[in-house]
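Working notes, beginning with the structure itself.
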Amino acid sequence: MRQIDSNKITQTVESLCKQANYFLGEDVWRALQDSFGKEKNESAKTILGQILENARLAKNRDIALCQDTGIAEIFLKIGQDVEITGEDLSKAVNKGVAIGYKDGYLRKSIVSDPLKRINSNDNTPAVIYTEIVPGNKLEVTLLAKGGGTENASRLVMLPPSSGLEAIKEFVLDTVKTKGINACPPLVVGIGIGGSFSSVALLSKKALLREIGRYSKDAIYAKLEDDLLKEINKTGIGPMGLGGDTTALAVHIETAPCHIASLPVAVSMQCHSLRRITEII
């Protein structure tokens, strides 16, 4: 049994909060630069250039890519041969978020109660997902999810007879009606299967996949490609002002589901796809 001190977890989460909000991942950089090179609409091309310049300035100055530094969603893959010592895991993670957002000069966006609307003043509590996996390591992934993209996300429980076309229709309708409010170009995470509660998590896990990597299943890889092409035909464009680049990628994650259900969730993500992973 390998022991991991909770202080190490706190320090890791603190660092990830800052890094995710300051630096775009290399895959996002590549996708934006590729879109900039291919974009034919001059106004859209200018906007993409401004998005890239914003990212360069954030990286060089250690400042936030966006004023909405998001809710901290923490995905933990915990090796079954790991023992956490010191404080409990939840406290260690939330302490890291609180320190990271304070010391990193990141906006605190969390209210302690949905109706009373009193700010917690340290961006906690984080949303924490845990998964037990083989091994003796702890994988920590942070997704800083902004309010605009959250508000543009949707979930539907389709009857199984709806099939593929209904899924496509739901995804495209979501992008057409809500995508403009999610600061495109988008990364569209889609969950298919599972249950009402788990399909939304699937759609968020889809956002963690590297841009450029399609589903390992040929059926879903084709669906990802087809949806990306259809989304980019909408003409919504960067920041919703027109153009060929409405989305950078479409990612789909699936899970087994009940014979009577076909859950589908769409998790929108803006061009500032702020996610980062570290293994302890």
Is [Y] reachable from [X] through a run of I, L, V, M, F, W or Y residues, each pair having side-chain heavy atoms under 4.5 Å apart?
X	Y	result
M239	I180	no
F170	M268	yes
V175	L223	yes
L52	I63	no

Measure the shortest side-chain to side-chain distance between [X] and [Y] over non-hydrogen atoms and say whether it is less than 4.5 angstrom.
X	Y	result
V156	L262	no
Q269	K145	yes
T141	L208	yes
L228	L248	no
D103	C17	no
D81	R2	no
E139	T277	yes
V187	I211	yes

Examine distances only and state if a side-chain atom of [X] and a backbone atom of [Y] form a donor-acceptor pair shorter than 3.5 Å.
X	Y	value
N94	A126	yes
D68	G147	yes
E224	S215	yes
T12	K8	yes
R275	L207	yes

How close do [X] and [Y] get, counting heavy atoms only, and between which atoms?
X	Y	value
T174	V266	CG2-CG1, 4.0 Å
G191	V199	O-CG2, 3.3 Å
T10	A92	OG1-O, 2.8 Å
S6	E87	OG-N, 2.9 Å
G243	P238	CA-CD, 4.4 Å
I167	V264	CG1-CG2, 3.9 Å

(message) Clusters formed by hydrophobic residues whose side-chain heavy atoms approach within less than 4.5 Å: which one holds V13, and what are its other members?
(response) I4, I9, L16, Y22, F23, I74, L76, I78, V82, I84, L89, V93, V97, Y101, L106, I128, I132, L138, V140, L142, I276, I280
Output yes when [X] and [Y] qualify as a salt bridge under the 4.0 Å nitrogen-oxygen rule, no when they do not.
X	Y	answer
R154	D173	yes
K108	D122	no
K168	E230	no

(request) Could you go through the side-chain contact (heavy atoms from CB on, under 4.5 Å) check for L202 and T254 one step at a time? (result) CA-CA 7 Å; L202 278 177; T254 66; 5.7 Å; no
(message) Walk me through whether L24 and L32 qualify under side-chain contact (heavy atoms from CB on, under 4.5 Å).
(response) CA-CA 10 Å; L24 280 183; L32 285 167; 3.8 Å; yes
(request) For E150 and K204, run salt bridge (Lys or Arg N to Asp or Glu O under 4.0 Å): C-alpha distance rounded to whole Å, both residues' side-chain angles, the deciding distance at 0.1 Å, then the answer. (result) CA-CA 10 Å; E150 282 290 87; K204 290 198 172 182; 3.0 Å; yes
Are more than 12 heavy atoms, taken from residues, nucleotides or ligands other than [X], located less than 6.0 Å from that residue's [atom1] atom?
X	atom1	result
I219	CD1	no
K45	NZ	yes
Y129	OH	yes
E169	CD	no

N/O donor to acceptor pairs below 3.5 angstrom from side-chain atoms of residues 36-44, sequence neighbours left out:
from, atom 1, to, atom 2, distance (Å)
K38, NZ, D34, OD2, 3.2
E39, OE1, D244, N, 3.1
E39, OE1, T245, N, 3.1
E39, OE1, T245, OG1, 2.6
E39, OE2, N41, N, 3.0
E39, OE2, D244, N, 3.0
N41, OD1, S43, N, 3.0
N41, OD1, A44, N, 2.9

(request) Walk me through it: do H271 and S35 pass the test side-chain contact (heavy atoms from CB on, under 4.5 Å)? (result) CA-CA 12 Å; H271 57 269; S35 295; over 6 Å; no
(request) Verify the distance criterion only: is there a donor paired with an acceptor across the side chains of R107 and S109 at less than 3.5 Å? (result) yes
(request) Using the side-chain contact (heavy atoms from CB on, under 4.5 Å) rule, take S195 and H258 through it: C-alpha gap first, then chi angles, then the decisive distance, then the call. (result) CA-CA 8 Å; S195 65; H258 192 281; over 6 Å; no
(message) Distance check, rounded to the nearest 0.5 Å: E253 atom CD versus Y220 atom OH?
(response) 11.0 Å
(message) As an exercise, state the distance from CZ of R213 to NE2 of H251, rounded to the nearest 0.5 Å.
(response) 8.0 Å
